[in-house]
A.B. asks: 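Pasting a structure below so you can have a look.
In each ligand, atom 1 is the first atom listed, and ligand 1 is the first ligand listed. Everything quoted here is computed from the prediction, not taken from an experiment.
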Amino acid sequence: MIVTSRIDEVRQETADARAAGRSVGFVPTMGALHEGHLSLVRRARRDDDLCVVSIFVNPTQFGPAEDLDAYPRPLDEDIRACEAEGVDLVFAPDAEEMYPRSPATTIGVEGIAEPMEGQHRPGHLEGVCLAVAKLLGIVGPCRAYFGEKDAQQLRVVRRMAEDLNIPAEIVGCATVRDPDGLALSSRNAYLSAPERERALSLPRALRAIREAVEAGEPDARKLRDLGRAELERGAPDAVDYLEVVEPETMESVDEVRGEALVCGAIRVGGARLIDNISVRGRDDS
Ligand code: AMP
């Protein structure tokens, strides 16, 4: 396995692979790797010939009051995990390699990026887009794997790649959860045991909404109220949002007919947690 912090080395290795007729699978991460990340790695290993993982805590996607400095960076452990999974190339640049000068370019995706994360983390999805566009520019034509756990991010990145003719196929992968239902996240490390108990209100609220939809409730306002009540039982420090949205545009729906996505974000202790679940309402109106 090659471990490099250098852009030119990544360009060379991926170009050599493609020249030899090998497909490139790319998994961008911020490190502190867990089974969620590793599920993307396994998918890339299964479907592509060269498996590339980037580990970069991207400063442009953190707001001024956010956890950039506190974000976990267990690089040696991450490298060992990649090695164990059969990754071919780990790209772990420092901020200087990625941003030798302050970027003058911003990438905003209208519509999809505006509600939810767009509203509660101004500039976050723009920062993600900038880093992902740069990484895809460095790795070159590939399949790039993203988690459904960050559903809005996945759709924003897919739309950006389409709009900018970036030669990458953006592949979404299912959310991996702990047995208690909490979606795996590097930020779960911030939670004490009692905080984790409170955090479980988020997957519980999502499941309660799914059950209500399956029982025939289409009214999104009622569904949100029911989910909120479930959240309040867990006493999170804040509920940023709980929304029922159309799964491609991320626009709120009034009624669940066919596919919808229920997305939520809460704050517990020092952690901000997001999660989502897909629901399928009855099509008959
Ligand atoms: P991050 O390191 O948080 O930027 O995540 C890197 C990639 O892993 C993103 O595409 C995430 O959506 C994905 N990811 C994070 N957590 C999970 C999870 N629990 N299940 C599946 N994918 C995940």
A.B. asks: How long is the straight-line distance from CG of L182 back to CG of N188, given to the nearest 0.5 Å?
C.D. replies: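 One gets 4.5 Å once the value is rounded to the nearest 0.5 Å.
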A.B. asks: Note every protein N or O atom lying under 3.5 Å from an N or O atom of ligand 1, pairing the names and giving the distance.
C.D. replies:
from: ligand 1; atom 1: 2 (O); to: M30; atom 2: N; distance (Å): 2.9
from: ligand 1; atom 1: 2 (O); to: H37; atom 2: NE2; distance (Å): 2.8
from: ligand 1; atom 1: 5 (O); to: H37; atom 2: NE2; distance (Å): 3.4
from: ligand 1; atom 1: 10 (O); to: G147; atom 2: N; distance (Å): 2.9
from: ligand 1; atom 1: 12 (O); to: G147; atom 2: N; distance (Å): 3.2
from: ligand 1; atom 1: 12 (O); to: G147; atom 2: O; distance (Å): 3.3
from: ligand 1; atom 1: 12 (O); to: D150; atom 2: OD2; distance (Å): 2.6
from: ligand 1; atom 1: 16 (N); to: L184; atom 2: O; distance (Å): 3.4
from: ligand 1; atom 1: 19 (N); to: V176; atom 2: O; distance (Å): 2.9
from: ligand 1; atom 1: 19 (N); to: L184; atom 2: N; distance (Å): 3.4
from: ligand 1; atom 1: 19 (N); to: L184; atom 2: O; distance (Å): 2.9
from: ligand 1; atom 1: 20 (N); to: V176; atom 2: N; distance (Å): 2.9

A.B. asks: Using side-chain contact (heavy atoms from CB on, under 4.5 Å) as the criterion, point out the one residue from L89, V87, V90 that pairs with I2.
C.D. replies: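 It is L89, the one option of L89, V87, V90 that forms the side-chain contact (heavy atoms from CB on, under 4.5 Å) with I2.
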A.B. asks: Give a yes-or-no answer on whether the side chains of Q12 and D8 include a donor-acceptor pair shorter than 3.5 Å.
C.D. replies: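 No pair is found: no donor N or O on one side chain lies under 3.5 Å from an acceptor on the other.
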A.B. asks: Mind checking who shares a hydrophobic cluster with L184, ILVMFWY linked at side-chain heavy-atom distances under 4.5 Å?
C.D. replies: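 Its cluster mates, by chain and number, are V176.
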A.B. asks: Hey, are D219 and R221 close enough for a salt bridge, meaning a charged N less than 4.0 Å from a carboxylate O?
C.D. replies: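 Between R221 and D219 there is no salt bridge, as every charged N stays at least 4.0 Å from the carboxylate O atoms.
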A.B. asks: Taking atom CD of E259 as the centre, does the number of heavy atoms from other residues, nucleotides or ligands within less than 6.0 Å exceed 12?
C.D. replies: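 Yes, CD of E259 has more than 12 neighbouring heavy atoms, counting only those of other groups under 6.0 Å.
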